[in-house]
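Working notes, structure below.
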Amino acid sequence: MRSRIVADGFSLFTDRNVVAMRVNGELRDLAVEVTETDLVEPVTIESPDGLNILRHSAAHVLAQAVQRINPETKLGIGPPITDGFYYDFDPAEPFTPEDLKAIEKEMQRIVKQGQRFVRRVVTEEEARAELAAEPYKLELIGLKGGADQGDDNESVEVGGAELTIYDNVDPKTGELCWKDLCRGPHLPSTRMIGNGWGLQRSAGAYWRGSEKNPMLQRIYGTAWPTKDELREYQTRLEEAAKRDHRKLGVELDLFSFPDEIGSGLAVFHPKGGIIRHEIETFMRNELLRNGYEVVNSPHITKGALFETSQHLNWYRDGMFPAMHLDEVVDAEGNVTKQGQDYYLKPMNCPFHNLIFRARARSYRELPLRLAEFGTVYRYEKSGTLSGLTRVRGLTQDDAHIYVTDEQVKEEIKSQLEFVFATLRAYGLDDFYLELSTRDPEKSVGTDAQWAEAEQTLREVGEESGLELVDDPGGAAFYGPKISVQARDAIGRTWQLSTVQLDFNQPALFELEYAAADGTRKQPVMIHRALLGSIERFFAILLEHYAGAFPLWLSPLQVVGIPVAEEYGEYLDGIISRLRERGVRAEVDHSDDRMPKKIRTHTKDKVPIQLIAGEDDRSAGAVSFRFRDGTQLNGVPIDEAVDRIVRTIEAREQVNSAWSV
RNA sequence: GCCGACUUAGCUCAGGGGUAGAGCAGUUCCCUCGUAAAGAACAGGUCGUGGGUUCAAAUCCCACAGUCGGCUCCA
């Protein structure tokens with residue numbers, strides 16, 4: 001049975017937006033010839049597959065440009081990524097910003113030239129001969145045929161069923177311009193890359209993602225079907241940059257990282273401090289309403305505790321080094337009294353275990369929920385520190401819940417509900433779940449324990465009705481976890497709450513309780529951080545709201561602005577009534593003019609400006625101005641005060657005039 | 001930790017071997033004003049730190065620190 005050749009993709013699809021096709025489910029170049037028994041679907045440039053092909057082809061052009069400028073530069077890999085692409089190189093000298101400009105120019109020439117991408121199947125031997133000068137490509141050829149056929153970034157080079165090389169061919173002369181080992185498919189021509197692309201930055205990156213390997217130089221770029229889409233993407237980046245919590249932290253005077261204290265160690269200024277206080281106060285109240293007991297533990301401990309908990313074994317590199325205390329040395333230098341190693345704590349759980357163990361426990365006490373805003377210190381590598389999201393000193397809203405085997409599922413279920421309700425109250429309401437399962441390389445416990453625990457978490461996750469994403473191998477060594485990912489106002493996702501099972505520590509600490517039948521049993525331990533770290537949660541909220549916090553979280557909730565100095569006293573009366581009701585309010589008595597005061601406090605993102613002049617004073621009223629410039633004029637004082645207090649209590653966001 | 005870039009006044013930034021500049025913020029004066037910047041004066045920096053080259057370094061070189069962008073890591 002032989003099928004007749006009917007056509008290639010160019011004749012099948014005349015739409016210029018079609019850049020490739022799916023033949024029997026597989027992505028292929030348009031140049032491939034298909035038969036009438038093949039199932040053929042077009043792939044347009046704006047489809048997810050089409051965008052990947054566009055970006056991958058742009059990466060090829062980047063590599064060609066780099067090698068045109070410096071033929072000695074060795075090639076790594078160059079896959080498409082979210083919103084763009086990169087290519088890794090091993091150049092004699094790292095790329096400078098000027099190099100990037102020159103490379104971009106060269107790329108423009110290649111795009112304009114309209115080189116054709118031509119696929120060619122080669123044997124391993126041929127590939128090795130052609131790529132003899134490319135040691136990294138040779139390494140990839142060597143890997144092919146192993147088990148490594150996954151969907152990782154390397155597979156764009158050698159992931160197919162056969163080895164292929166793509167030749168870039170001059171459309172007029174047919175001359176070979178460049179070639180690269182690649183699985184494809186590609187755009188028919190470099191011209192189709194158009195003008196919706198650009199290079200972004202260069203950065204170091206380990207070859208094949210391992211710090212044991214040499215560091216290559218990676219160039220990042222972005223590519224879109226049209227210039228308009230490129231601009232849209234750039235605008236999106238600018239919007240995200242505007243709400244960067246580090247920038248807002250300075251502008252709104254919320255926190256800082258004084259060099260004198262050390263990297264990754266923040267101080268919160270009064271305005272940041274009050275926001276943090278509100279976040280914590282609300283959280284504490286919720287904990288108490290939900291059956292938690294609050295505990296407290298010190299910041300340092302003797303090393304033995306972290307030997308018991310195995311932290312010194314598993315995480316020593318991430319801990320601050322020991323303080324060696326109490327050692328006595330005589331005049332000859334002999335130790336006459338042994339010292340002790342103390343450590344700053346990287347986690348709170350060992351302390352909570354000691355609280356559990358402080359006396360005999362009964363099944364009647366379970367679930368026992370111990371909560372603490374515990375400050376921990378982790379020696380994060382210098383290069384990983386980033387604003388408030390990755391720090392060396394942080395406060396976890398940490399809890400450890402001790403339950404019987406039978407209680408596990410129900411407890412996790414109610415934990416998740418608690419998490420959702422709490423996050424919604426802070427204004428985050430778009431979630432999905434992630435299930436992190438065992439990393440066989442890095443775990444303790446039996447297969448049966450893991451299987452059962454993972455199954456329990458999966459069931460709870462599925463029953464929640466939310467999207468559940470797998471994170472294979474993402475678990476900590478001591479047990480699987482289910483985490484809540486929240487989407488913020490501009491669609492970015494953040495891992496927030498985690499609920500984690502631990503069948504290691506109860507054993508290490510020999511925790512037990514008296515069961516109903518009089519036997520002693522080991523409790524199951526659940527680690528639960530709801531906000532994660534307060535610092536990081538603070539940063540997430542700050543970026544989510546772009547600094548315009550809901551009224552209850554705003555540092556200054558109400559500012560009084562007199563139309564002229566004369567009305568300052570009248571506003572003092574209104575503001576002091578608000579202060580009596582617990583509202584953070586003050587009058588701006590500075591000698592700026594009124595419009596300037598409005599500008600100042602608008603930039604400061606104060607949610608409510610109360611303005612008063614002659615009209616308001618004679619009516620016993622006050623005028624509102626909200627963040628978006630909307631107004632409510634002549635509101636009677638009682639009504640104004642009540643409405644503000646009610647809005648704070650309801651934890652509502654206020655950006656615009658409310659309907660009365 | 002690794003690769004690269006950057007570090008000038010409280011903030012944002014200009015300058016670039018001959019000894020420091022702007023805008024905003026601050027202070028004082030003046031104005032008394034109805035919804036995003038009245039006006040004036042003053043004050044503010046050993047140009048990240050430490051070495052070096054030089055007659056002279058904020059500027060050139062080296063080291064260190066910090067920040068940023070990535071990589072690796074993230075209990």
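In what follows, chains carry the letters A, B, and so on, assigned in the order in which the sequence lines appear, proteins first and then strands, with residues in each chain numbered from 1.
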Look at all strands and tell whether [X] reaches a base, only sugar-phosphate, or nothing, counting heavy atoms closer than 4.0 Å.
{"X": "A/Pro346", "result": "base"}
{"X": "A/Glu251", "result": "nothing"}
{"X": "A/Ala205", "result": "sugar-phosphate"}
{"X": "A/Asp592", "result": "nothing"}
{"X": "A/Tyr478", "result": "sugar-phosphate"}
{"X": "A/Arg625", "result": "base"}
{"X": "A/Tyr220", "result": "sugar-phosphate"}
{"X": "A/Gly318", "result": "base"}
{"X": "A/Thr600", "result": "nothing"}
{"X": "A/Thr602", "result": "base"}
{"X": "A/Arg218", "result": "sugar-phosphate"}
{"X": "A/Lys442", "result": "sugar-phosphate"}

Looking at the base of [N], is there any donor atom on it, or on the side chain of [X], that sits under 3.5 Å from an acceptor on the other one?
{"X": "A/Asp259", "N": "B/G48", "result": "no"}
{"X": "A/Ser202", "N": "B/G70", "result": "no"}
{"X": "A/Arg208", "N": "B/C71", "result": "no"}
{"X": "A/Arg246", "N": "B/C68", "result": "no"}
{"X": "A/Tyr206", "N": "B/G1", "result": "yes"}
{"X": "A/Glu566", "N": "B/U32", "result": "no"}
{"X": "A/Lys381", "N": "B/U72", "result": "yes"}
{"X": "A/Asp317", "N": "B/C73", "result": "no"}

Electrostatic pair [X]-[Y], nearest N-O below 4.0 angstrom:
{"X": "A/Arg236", "Y": "A/Glu239", "result": "no"}
{"X": "A/Asp398", "Y": "A/Arg528", "result": "no"}
{"X": "A/Lys74", "Y": "A/Asp88", "result": "no"}
{"X": "A/Arg390", "Y": "A/Glu380", "result": "yes"}

- Item | Axial cation check for A/Tyr206 ring with A/Lys212, 6.0 Å and 45° limits | no
- Query: Between B/A25 and A/Lys596, is there an OP1 or OP2 to side-chain N/O distance shorter than 4.0 Å?
  - Reply: yes
- Message: A/Tyr478 vs A/Leu501, test: side chain to side chain contact (heavy atoms under 4.5 Å, CB included). Steps then yes/no.
- Response: CA-CA 8 Å; A/Tyr478 51 75; A/Leu501 284 170; over 6 Å; no
- Note on the structure: When rounded to whole Å, the CZ to C1' distance for the pair A/Arg390 and B/C71 reads 13 Å
- Send over the distance from A/Leu237 CG to B/G69 C1', rounded to a whole Å. 13 Å
- Identify, between A/Ser386 and A/Ser382, the residue whose nearest nucleotide on RNA chain B lies closer to the 5' end. A/Ser382
- Query: RNA chain B: A/Cys349 or A/Gly613, which has the more 5' nearest nucleotide?
  - Reply: A/Gly613
Suppose you measure atom [atom1] in [N] against the same atom in [M]; what distance do you get, rounded to whole Å?
{"N": "B/A25", "M": "B/A38", "atom1": "P", "answer": "9 Å"}
{"N": "B/A58", "M": "B/U54", "atom1": "C1'", "answer": "15 Å"}
{"N": "B/U53", "M": "B/G45", "atom1": "P", "answer": "30 Å"}
{"N": "B/U28", "M": "B/A43", "atom1": "C1'", "answer": "10 Å"}

- Item | Exercise: do A/Glu72 and A/Asn70 side chains pair donor with acceptor under 3.5 Å | no
- Give a yes-or-no answer on whether the side chains of A/Ser256 and A/His269 include a donor-acceptor pair shorter than 3.5 Å. yes
Where the side chain of [X] is concerned, which of [options] is the nearest nucleotide?
{"X": "A/Gln500", "options": "B/A75, B/C11, B/A37", "value": "B/A75"}
{"X": "A/Glu565", "options": "B/C33, B/C2, B/U32", "value": "B/U32"}
{"X": "A/His311", "options": "B/C2, B/C29, B/A75", "value": "B/A75"}
{"X": "A/Arg593", "options": "B/C73, B/G66, B/A38", "value": "B/A38"}

- Which residues within residues 81-101 of chain A lie with some heavy atom under 4.0 Å of an atom in RNA chain B? A/Pro94
- Taking salt bridge (charged side-chain N to carboxylate O under 4.0 Å, His left out) as the test, write out the residues that go with A/Asp244, two or more places apart. A/Arg246
- In dot-bracket notation, what is the pairing pattern of RNA chain B, taking Watson-Crick (N1-N3 plus N6-O4 or O6-N4) and G-U wobble (N1-O2 and O6-N3) contacts under 3.5 Å, with [ ] crossing and | for other strands? ((((((((.[[[[.)..(..]]]].((((.........)))).....[[[[[..)....]]]]])))))))....
- Message: Could you walk me through whether A/Glu251 and A/Lys603 satisfy the salt bridge (charged side-chain N to carboxylate O under 4.0 Å, His left out) test, starting with their C-alpha distance in whole Å, then the side-chain angles of each, then the deciding distance to 0.1 Å, before giving a yes or no?
- Response: CA-CA 9 Å; A/Glu251 284 173 6; A/Lys603 285 180 73 173; over 6 Å; no
